[in-house]
J.: 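Shown below is the structure under consideration.
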Number of protein chains: 2
Amino acid sequence: MPERGYHHGDLRNALLAATRELVRQRGARGFSVSEAARQVGVSSSAPYRHFADRDALLAATALEGFLELEEQLAELQALETLPHTAAQITTAYLRFAHEDPARFEVMFAHGLDKTQHEDLLQQTFRIQDQLNVRMARHLPRAQATQRAAELWSLAHGLATLSIGGNVQHVLPEVQIGELAASAAKAWARGLTQRPGD
Amino acid sequence: MPERGYHHGDLRNALLAATRELVRQRGARGFSVSEAARQVGVSSSAPYRHFADRDALLAATALEGFLELEEQLAELQALETLPHTAAQITTAYLRFAHEDPARFEVMFAHGLDKTQHEDLLQQTFRIQDQLNVRMARHLPRAQATQRAAELWSLAHGLATLSIGGNVQHVLPEVQIGELAASAAKAWARGLTQRPGD
DNA sequence: TCTCAATGTGAGAGGTTTACACATCAACCT
DNA sequence: AGGTTGATGTGTAAACCTCTCACATTGAGA
């Protein structure tokens, strides 16, 4: 590891990396700007040159998470039927959440006012769009947006409850992935059955 | 307001009330034990006679939330069909979440390790039971538990995304309640259509 | 070469959590 | 009555954290 001079050179990115790791270890609540600075080897006030405050640093790591989520959704290959597509998206979402639960929590922590962080809001829209496009392949255009929101809700609920350990204790034997696929397929089948009502 | 002597008399409850109000105002993150103590009129170390630490105080208010949620679910009258039941439960859940979003967040904050707070876990089970019973009215017994978890996930996802403002910005015109009912009914219809697969 | 804008440092103000020794008081036991 | 005691509140203080501000350092461009 190269000795560094007075200036770090890439502090912003180094802080983001340290933050992600710290959040992973100690959780969103346990994380502190000071410790991130310490880990990177700068003074505890240095981070404030790059991030307005603690929340801004967390928001920036949340943004990275949203970008990654968009990528992972984009990589999914299109499937034939709506039920399969719904199950595919749901399980992918679940996988992402389980990869780094603490960061996933940061991404949706209500503490971060998304209206204060325009970029976060934008990225949220792009993910919605991902889902819209995929729904539009199997549904009338007029329905797509609402249905996409429904699917997202289903996936998100599965993810958060599962991460929080609320499902495992009740259904230890069932794989959460199977449950997700089953719920998504049921929802999808129900859509095509009686579009009205 | 009566002058109080050296002892408060009902500090535990007073703290719970103050905590709920503070969490409602400043959010879970903005809440501090000190401020709750100040508000109640005791020294900042007094709360630790009643709660092991900050998290314990939050866990206790979360528990109150879970008890209230169980009550509200218990009050729902049984309906004829599965789709109607699913929609009814989902909208009730949503209503509860919107009543006090910050407390709802505290209830499911991953920061609180439910395995550390046995009572929280227990109450979670009782809510699952509520749903199980209602599902069992319309489905084979063997399915009920899993289906209840699916329904809970759907409702929970709708609630968290809606609270976080992730749905409103995408679908400003659609009432979140309608979206919830629609999703729940679709899911329910899909269940009865082709139980297998 | 000189200057300046960006970036890092150190000190410090003000807030928080929590431990600990001590104060107070209601209730209970003689 | 009078004394003891366990529960509950107080005050102090240590260890932390966020964030501000004046100052130091340095690379890059004029």
Side-chain angles (χ1 to χ4, degrees), chain A residues 1-62 102 106 109 111-113 116-117, chain B residues 1-62 102 106 109 111-113 116-117:
Chain A
M1 44 205 72
E3 281 298 322
R4 82 169 171 82
Y6 190 90
H7 289 105
H8 181 286
D10 194 22
L11 184 51
R12 201 193 133 89
N13 285 328
L15 283 172
L16 283 175
T19 297
R20 180 171 179 186
E21 188 52 29
L22 277 175
V23 165
R24 191 207 302 275
Q25 288 171 15
R26 310 212 197 308
R29 189 184 244 119
F31 160 79
S32 86
V33 179
S34 301
E35 191 165 0
R38 221 174 296 137
Q39 206 146 95
V40 172
V42 296
S43 80
S44 63
S45 50
Y48 294 92
R49 292 290 177 197
H50 300 271
F51 302 95
D53 53 20
R54 194 189 116 112
D55 274 3
L57 178 47
L58 286 174
T61 78
V106 169
L112 296 186
D113 189 359
Q116 297 296 83
H117 298 271
Chain B
M1 45 205 71
E3 283 297 323
R4 84 167 168 83
Y6 190 89
H7 288 105
H8 181 286
D10 193 22
L11 184 51
R12 201 194 132 90
N13 285 329
L15 283 172
L16 282 175
T19 296
R20 178 170 181 186
E21 188 52 29
L22 278 175
V23 165
R24 189 206 305 275
Q25 288 171 15
R26 311 214 198 308
R29 188 181 245 121
F31 160 80
S32 86
V33 178
S34 302
E35 191 164 0
R38 223 174 294 139
Q39 205 146 96
V40 171
V42 297
S43 80
S44 63
S45 48
Y48 294 92
R49 292 289 176 198
H50 300 271
F51 301 96
D53 53 20
R54 196 189 115 111
D55 274 3
L57 178 47
L58 286 174
T61 78
V106 169
L112 295 186
D113 188 1
Q116 297 296 81
H117 298 271

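We use all heavy atoms of the structure for the numbers below, so side chains are in, but hydrogens, waters and symmetry mates are not. Note on naming: letters A, B, ... go to the chains in the order of the sequence lines (proteins, then strands), and numbering restarts at 1 for each one.
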J.: Which parts of residues 34-57 of chain B get close to DNA chain D, meaning a heavy atom less than 4.0 angstrom away?
T.: B:V42, B:S43, B:S45, B:A46, B:R49, B:H50
J.: What integer distance in Å separates A:D10:CG from C:dA6:C1'?
T.: 15 Å
J.: Looking only at non-hydrogen atoms, find the nearest pair between B:A60 and B:F51 and report the distance.
T.: CB-CE2, 3.8 Å
J.: Could you walk me through whether B:F31 and B:L57 pass side chain to side chain contact (heavy atoms under 4.5 Å, CB included), step by step?
T.: CA-CA 11 Å; B:F31 160 80; B:L57 178 47; 3.7 Å; yes
J.: Check every nucleotide of DNA chain D for an atom under 4.0 Å from a heavy-atom of chain B, then give the first and the last such nucleotide from 5' to 3'.
T.: D:dA7 to D:dG11
J.: Restricting to non-hydrogen atoms, name the atom on A:A59 and the atom on A:L112 that form the minimum distance, rounded to 0.1 Å.
T.: CA-CD1, 3.9 Å
J.: I'd like a table of donor-acceptor pairs (distance under 3.5 Å, sequence neighbours excluded) in which one partner is a side-chain atom from residues 16-23 of chain A, with atom names and distances.
T.:
| unit_1 | atom_1 | unit_2 | atom_2 | d |
| --- | --- | --- | --- | --- |
| A:T19 | OG1 | A:L15 | O | 2.7 |
| A:R20 | NE | A:D100 | OD2 | 3.0 |
| A:R20 | NH2 | A:D100 | OD2 | 3.4 |
| A:E21 | OE1 | A:R24 | NE | 3.3 |
| A:E21 | OE2 | A:Q25 | NE2 | 3.0 |

J.: What pairs of residues pass the side chain to side chain donor-acceptor pair (under 3.5 Å) test when at least one of them lies in residues 45-55 of chain A, not counting sequence neighbours?
T.: A:S43-A:S45
J.: Which of residues 16-32 of chain A sit near DNA chain C, with a heavy atom under 4.0 Å from it?
T.: none
J.: What pairs of donor and acceptor atoms, side-chain ones from residues 33-42 of chain B against any protein atom, are under 3.5 angstrom apart with sequence neighbours left out?
T.:
| unit_1 | atom_1 | unit_2 | atom_2 | d |
| --- | --- | --- | --- | --- |
| B:E35 | OE1 | B:R26 | NE | 3.2 |
| B:E35 | OE2 | B:R26 | NE | 3.2 |
| B:E35 | OE2 | B:R26 | NH2 | 2.3 |

